[in-house]
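Notes for the one structure printed next.
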Amino acid sequence: MGVVTVGSNPAIDRVIHCEHFVPGGHLPSRTVARLAAGKAANVSRAMAMCGAPSVASGFIGAAETVWFRNNLTRGLDITCEFIEVAGATRENITILDPATGQETHLRDGGFAVTPEDQQRLRSWLAVHVGAGAVCVFAGSLPAGSPGVSPQDFLALLSSCPGDARLVVDSSGPALAAAVTRPLWLIKPNTAELATLLQRDLAAQPAAVVAAVRSAALPVEYVLVSLGAQGAVLAGRSVAIHAVARPRRPVVRTVGCGDHLLGGFLAGMQRHGGVAMALREGVALATARAVSGDYVGIAAEIISEVAATTELVEL
């Protein structure tokens, strides 16, 4: 099962430690990480940590291409095939207050993407997404002008071969546009799913499964992240809840949903079954949450968390 990840709006993520952070103050701080990121890149990195290769594609600012590729692939089995655009890749900032554990996220909108840029990506997808491949479209749409509209996003999806298994991890209008066509999997959190279905939704496994099934989306699987409650995989003939109970405290939540999806896809490559894939995804996402390493995750932490991960059929 070959996997291609496509990011329309990648990011360089700076993680800053600032004790007793207060907006408006002049405070000492230190940068603890600067990473090639965005949802699609995070999925590729998460898969590679599980020993599963992928091809990372999508748009990238021309000035950041070399740095982004080198940072993303360092020690990992990821092949980069980005489409360069003229603008600068956005740089996001996460401020972590070690004293309180509070996270503050500053998110940039992204670069401009011309119709010609989009055509180059559509052409690349049509040629390089192989028969039966999984193609993951993850992240927000760039907010520059010209940008990528929801209909443009739908055209990117439609550029893949008809037998490709399409995965979408986005939100708002992009996700709403995507589910107008058949997909293999979507990965919303409960808030994103509630917005998509236009209804209130409790973050409870049974409620999520009922909501997904009543909506009758043209999607084979819906993978819903539930935060500390793990995740639910709901489909026409499957409903499984997985949750891990780590002994370590949660350090950060940024990127956990991407690790859930990356671990799930790596598990599908390894096992072929959705139950074990869900277990791997939840274990990896939870290990990300309790790990203080901003790039990788120690193997012993992953193993430790995996041993506490439970599956329940709903």
Side-chain angles (χ1 to χ4, degrees), residues 3-17 29-49 53-96 104-125 128-129 135-149 152-153 156 159 169-171 174 252 254-255 257-259 261-262 288 293-296:
V3 176
V4 177
T5 63
V6 184
S8 296
N9 199 21
I12 297 170
D13 279 1
R14 285 183 64 201
V15 182
I16 298 173
H17 275 190
S29 64
R30 63 187 180 93
T31 297
V32 295
R34 190 168 184 262
L35 303 170
K39 280 184 171 293
N42 290 343
V43 171
S44 280
R45 182 182 284 114
M47 289 188 65
M49 285 193 295
S54 66
V55 177
S57 187
F59 301 117
I60 195 72
E64 292 79 38
T65 303
V66 173
W67 182 91
F68 198 94
R69 182 186 64 236
N70 291 343
N71 184 273
L72 180 61
T73 62
R74 187 177 301 144
L76 300 175
D77 191 359
I78 302 171
T79 302
C80 292
E81 296 284 351
F82 295 115
I83 304 299
E84 294 185 353
V85 301
T89 303
R90 64 191 176 129
E91 187 152 343
N92 296 330
I93 296 174
T94 295
I95 302 172
L96 296 178
T104 301
H105 307 290
L106 307 178
R107 297 292 181 252
D108 195 1
F111 41 42
V113 177
T114 67
E116 292 75 20
D117 295 329
Q118 295 185 48
Q119 180 56 54
R120 286 190 292 141
L121 181 54
R122 289 195 298 268
S123 297
W124 187 92
L125 292 168
H128 292 91
V129 176
C135 196
V136 182
F137 292 83
S140 61
L141 303 183
S145 181
V148 177
S149 70
D152 294 333
F153 183 59
L156 290 174
S159 300
D169 182 6
S170 192
S171 60
R252 60 194 293 259
V254 174
D258 307 331
H259 284 70
L261 179 55
R288 170 71 286 163
D293 187 330
Y294 294 101
V295 182

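Hydrogens, waters and symmetry mates are skipped; everything else that's a heavy atom, side chains included, is used. This is a predicted model, so every value here is computed, not measured.
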- Task: Apply ring-ring contact (aromatic ring centres under 6.0 Å, His included) to His128 and list each qualifying residue two or more places apart in sequence or on a separate chain.
- Result: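 With sequence neighbours excluded, His128 shows a ring-ring contact (aromatic ring centres under 6.0 Å, His included) to Trp124, given in chain and number order.
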
- Query: What residue pairs, at least two apart or across chains, pass side chain to side chain donor-acceptor pair (under 3.5 Å) with a residue in residues 60-69?
  - Reply: Glu64-Thr89, Thr65-Glu84

How far does [atom1] of [X] sit from [atom2] of [Y], to the nearest 0.5 angstrom?
| X | Y | atom1 | atom2 | answer |
| --- | --- | --- | --- | --- |
| Arg14 | Thr94 | CZ | OG1 | 10.5 Å |
| Leu35 | Ile12 | CG | CD1 | 10.0 Å |
| Asn42 | Met47 | CG | CE | 13.5 Å |
| Gln118 | Ser149 | CD | OG | 7.0 Å |
| Arg34 | Asp13 | CZ | CG | 10.0 Å |
| Arg122 | Ile83 | CZ | CD1 | 11.5 Å |

- Which residues share a salt bridge (charged side-chain N to carboxylate O under 4.0 Å, His left out) with Arg74, sequence neighbours left out: none

- Taking atom types as modelled, is there a side-chain donor on Thr5 or Ser44 under 3.5 Å from an acceptor on the other? yes

- Does Leu156 reach the side chain of Val6, with side-chain heavy atoms less than 4.5 Å apart? no

- Considering only heavy atoms from C-beta outward, does the side chain of Glu91 approach that of Asp108 to under 4.5 Å?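 With C-beta onward as the side chain, the pair stays apart.
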
